[in-house]
Structure formats: structure tokens, C-alpha cells
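Note that ligands are numbered from 1 as they come in the structure, with each ligand's atoms numbered from 1 the same way.
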Amino acid sequence: MHPEVPLACPQFDEAEAAALSAVLHSRRWSFGPALTRFEREMAQLCGRRHGVGVNSGTAALQIALEALGIGPGDEVLVPAFTFVGSVNAIVRAGAEPVLVDVDPLSLNIDPASAAAAVGPRTRAVLPVHLFGRPAPMAALGELASRHRLRIVEDACEAAGARDAAGPVGSGADVACFAFYPNKPVAVGEGGMLVMDDPDLARRARQLRNQGIDPESGSRLEDRPGLSARLSEWHAALGSVQLARLEQALARRAELATLYRRHLAADARIELPAPEPPGQRIAWFTFPLRLVAAHADGRDALLSALRAAGIACGTYFTPVHWLPYHRGRYRQVPLPVSEDVGRRCLALPLHGEMDAQTVDRVCTTLLRLLDRLCPSAP
Ligand SMILES: *Cc1c(COP(=O)(O)O)cnc(C)c1O
């Protein structure tokens with residue numbers, strides 16, 4: 001029996017152990033030099049002035065919205081095809097999500113759908129760089145300036161991705177990252193905001209710590225704040241992981257190329273769109289779709305893959321199909337999100353995988369497709 005293939009898997013070596021040991025012996029376990037350093041490094045990655053570390057990607061998004069003054073009575077445009085954390089953050093900030101559709105090729109927010117959704121209470125747009133692929137920031141920038149919207153980037157899956165305009169995280173009011181173990185910079189639990197505006201950075205620092213800025217002692221007057229600090233352990237791990245990001249992304253790109261090579265000839269599978277020139281995808285899982293004729297076989301295929309020891313996911317179920325969120329928000333027509341939501345599946349892709357494992361995943365997938373989705377489309 002083969003070992004299980006996880007969907008994602010964090011990497012480490014002795015450098016992580018040394019960084020954790022240094023924090024242990026320093027007795028500074030919160031608000032210390034590791035946090036300051038990791039914040040500076042994440043800001044640098046994105047060409048921004050400030051980084052503010054927090055305890056999750058979702059907390060980063062919530063704090064970004066709150067720091068911008070977005071809350072009750074305000075609407076935030078967000079793609080329906082995303083991880084639920086993007087939407088939970090809006091709801092927790094007290095604002096109302098408005099669900100918009102995605103582009104069928106990139107699976108990122110469709111600027112035309114976002115434009116159609118703008119209403120009198122719309123204050124912000126929250127594009128997601130889904131599966132590590134840069135969202136169309138130039139078009140969203142135009143939309144935002146036309147309607148005076150703020151832009152909060154959900155870059156939680158996309159540290160290190162870039163397009164011709166620059167790195168992901170450089171193109172908006174504020175961008176948010178996550179460091180859960182399935183992300184390429186993995187610390188366990190953690191998140192980061194990056195921005196240029198010093199007032200916004202100060203407000204974010206207050207919001208993560210009960211409304212109090214520990215340096216100046218200044219307190220927020222309009223909101224209570226959260227308890228969402230990033231510990232020294234997590235920050236120290238983050239710096240070590242970030243130093244290896246380029247290498248990790250190069251490895252992920254190689255694995256994505258191998259997947260393409262194995263699966264390109266099969267007419268039942270739609271591969272992710274190729275990387276446009278000037279863009280670098282920070283691969284996050286290997287997301288593919290079954291062709292429409294085989295959509296009904298998707299869930300049986302997922303079960304069979306899991307039974308064969310290959311982890312996989314329905315990344316993502318459209319937000320308006322999820323239990324709490326169903327029917328709660330204003331939305332525009334979402335034909336692409338709903339179509340892709342029925343046909344998508346995510347395969348394992350992470351730095352601990354080798355070529356033989358990709359081979360095994362693909363061989364198993366194609367064998368199961370022959371059994372479960374036999375007819376030519
Ligand atoms: C991982 C992720 C988040 C945040 O995740 P946390 O678990 O809160 O750190 C937010 N949005 C997207 C798209 C993600 O993939």
C-alpha cells in the first residue's frame with residue numbers, strides 16, 4: 001500500500017528548529033524582534049512601507065476592512081467563487097458582502113460583473129488572487145477610482161505571485177496574506193497586512209491588540225479592537241519560510257508543469273489556464289475542472305481518489321451554496337461560479353512531492369476516470 005498523498009504539506013529543516021529555539025531562550029514570546037523583522041520582510045516582498053502581523057489571514061482581512069472604516073451599512077464586492085474566509089471577514093467587520101462572478105479562464109473576479117454590482121452603499125472591492133494567480137488589478141483600479149471604492153487584496157494564496165505591474169500585494173490600499181500550513185509560507189496560524197499609509201498601519205496595529213497601539217499607547221475611539229496578535233514563534237518561523245519562498249515557488253511551478261504534461265491529452269479534463277506572459281503564478285494546489293458532460297461524476301471521483309490514498313478537495317464551493325451564507329447577500333448573476341463550482345477539483349501540489357508522486361496521482365486519476373466517466377464527452 002502506498003502512503004497517503006496529502007493535498008498540502010509544510011516543509012522545514014533545522015533552520016526552523018533553530019529559530020524556534022532562539023525565541024524560547026529569549027523569553028520574548030510576543031511583540032519582539034521576530035515580529036518586527038517578519039513584518040519588514042513581508043512589506044519588502046510587496047514593495048510596501050508597512051507590514052502588520054496578525055494571527056490569521058481572515059483576521060488580516062477583517063482588520064484591513066475595519067482599519068479603512070468599513071462596517072455596518074457598507075457593501076463590499078467579493079467573488080462568489082472563493083474560500084469562505086474572504087466572506088466571513090466582511091461579515092465579521094459588520095459590512096455586507098455582495099457576491100460577484102469570476103472569469104471562466106482565470107477564475108478570478110470578473111471586473112465587468114463587479115461593475116454591474118456597484119450600488120449606492122458599495123464602499124470596497126475584495127479581489128482574491130485565487131490559487132495563486134494574480135487578479136486583474138488594473139481593471140479593478142479603474143472601477144475603484146470611478147466609484148470611489150477601496151481595494152483590499154486577498155493575497156492569502158498568493159505570496160510571491162506577480163504580474164507585469166509588480167508583485168501581488170503592491171496594487172491596492174492594503175493586501176492580506178495567510179500562513180496556514182497549506183500556504184507556501186507556513187507557520188501554523190498567522191496572517192499579515194501590507195500597506196503604504198502610516199495611519200492605516202497604526203489603525204491596524206491598534207485593531208489587532210484590543211484597540212491599543214503598544215508603542216504609542218494610543219487607543220482607538222470608534223471600535224473595540226480584537227485580540228489577534230502574531231506571536232514571536234510564528235513570526236520567527238515566517239522569516240525562515242519566507243527566505244525559501246523563491247525556491248518553493250520554483251518547485252511548485254515544476255510540479256504544475258508535470259501535471260500538465262500528464263493530463264493534457266485527456267478530453268475529460270480542463271487544465272488551469274496557462275500563465276500569461278509577464279505573470280508568475282504561486283501555485284496553490286493543482287486546480288482542474290471536469291468537462292461539463294462529466295460534471296455529475298465529480299463527487300464520486302473525489303471519493304474514489306480519497307479511497308486510493310490521494311487527498312483532494314472541491315476547491316471551492318461557491319459561497320452562496322454554503323449553509324450560513326445561502327440567501328443572505330445581494331448578488332448579481334453568477335453563472336461561471338456556479339458552473340465551475342460543480343466541475344472543479346483540486347489535486348495535491350506541495351514542496352514535499354516528487355515527480356513519481358505526480359505520476360501516481362495522474363495515473364490513479366485517469367484510471368478512475370475510465371471507470372467513473374467512461375464515455376467520450
Ligand atoms: C487561506 C485563505 C484565507 C485565510 O485563511 P486563515 O485560515 O484565516 O489564515 C483567506 N482567503 C483565502 C482565499 C485563503 O485561501
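Looking at atom 9 (O) of ligand 1, its nearest protein heavy atom turns out to be G57 N, 2.8 Å. Nearest to atom 1 (C) of ligand 1 among the protein's heavy atoms is K183 NZ, 1.6 Å. In terms of protein heavy-atom proximity, atom 11 (N) of ligand 1 is nearest to D154 OD2, 2.8 Å. Atom 8 (O) of ligand 1 has T58 OG1, 2.6 Å as its closest protein atom, hydrogens excluded (heavy atom only).
Ring-centre distance between F83 and Y180: not below the 6.0 Å cut-off. The aromatic ring centroids of F81 and Y315 lie 6.0 Å or more from each other.
Any N or O atom pair closer than 3.5 Å counts here, and E157 shares at least one such pair with ligand 1. Considering backbone and side-chain atoms alike, A59 places every N or O at 3.5 Å or more from each N or O of ligand 1.
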Trace of the salt bridge (charged side-chain N to carboxylate O under 4.0 Å, His left out) decision for D213 with R205: CA-CA 6 Å; D213 182 349; R205 287 178 203 287; 5.9 Å; no
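Contact annotation: for C156 versus ligand 1, heavy atoms closer than 4.0 Å belong to the side chain alone. Residue contacts with ligand 1, taken as heavy atom pairs separated by less than 4.0 Å, do not involve E189 at all.
For E246 and R280, the salt-bridge test passes: some basic side-chain N is under 4.0 Å from an acidic carboxylate O.
Residue R121 places its CZ atom among more than 12 non-hydrogen atoms of other residues, nucleotides or ligands, all under 6.0 Å distant. Residue R219 qualifies as open at atom CZ: its count of foreign heavy atoms under 6.0 Å is 12 or below.
Each of the atoms 13 (C) of ligand 1 lies under 4.0 Å from some heavy atom of V128. Residue S56 approaches ligand 1 through these ligand atoms, each under 4.0 Å from one of its heavy atoms: 8 (O), 9 (O).
Residue contacts with ligand 1 do not include H129, since none of its heavy atoms lies under 4.0 Å from the ligand. The shortest heavy-atom distance from S86 to ligand 1 is under 4.0 Å.
If you run side chain to side chain contact (heavy atoms under 4.5 Å, CB included) between F286 and each of V358, L345, L349, only L349 comes through. The only option from I109, V128, V102 that meets the side chain to side chain contact (heavy atoms under 4.5 Å, CB included) definition with T82 turns out to be V128.
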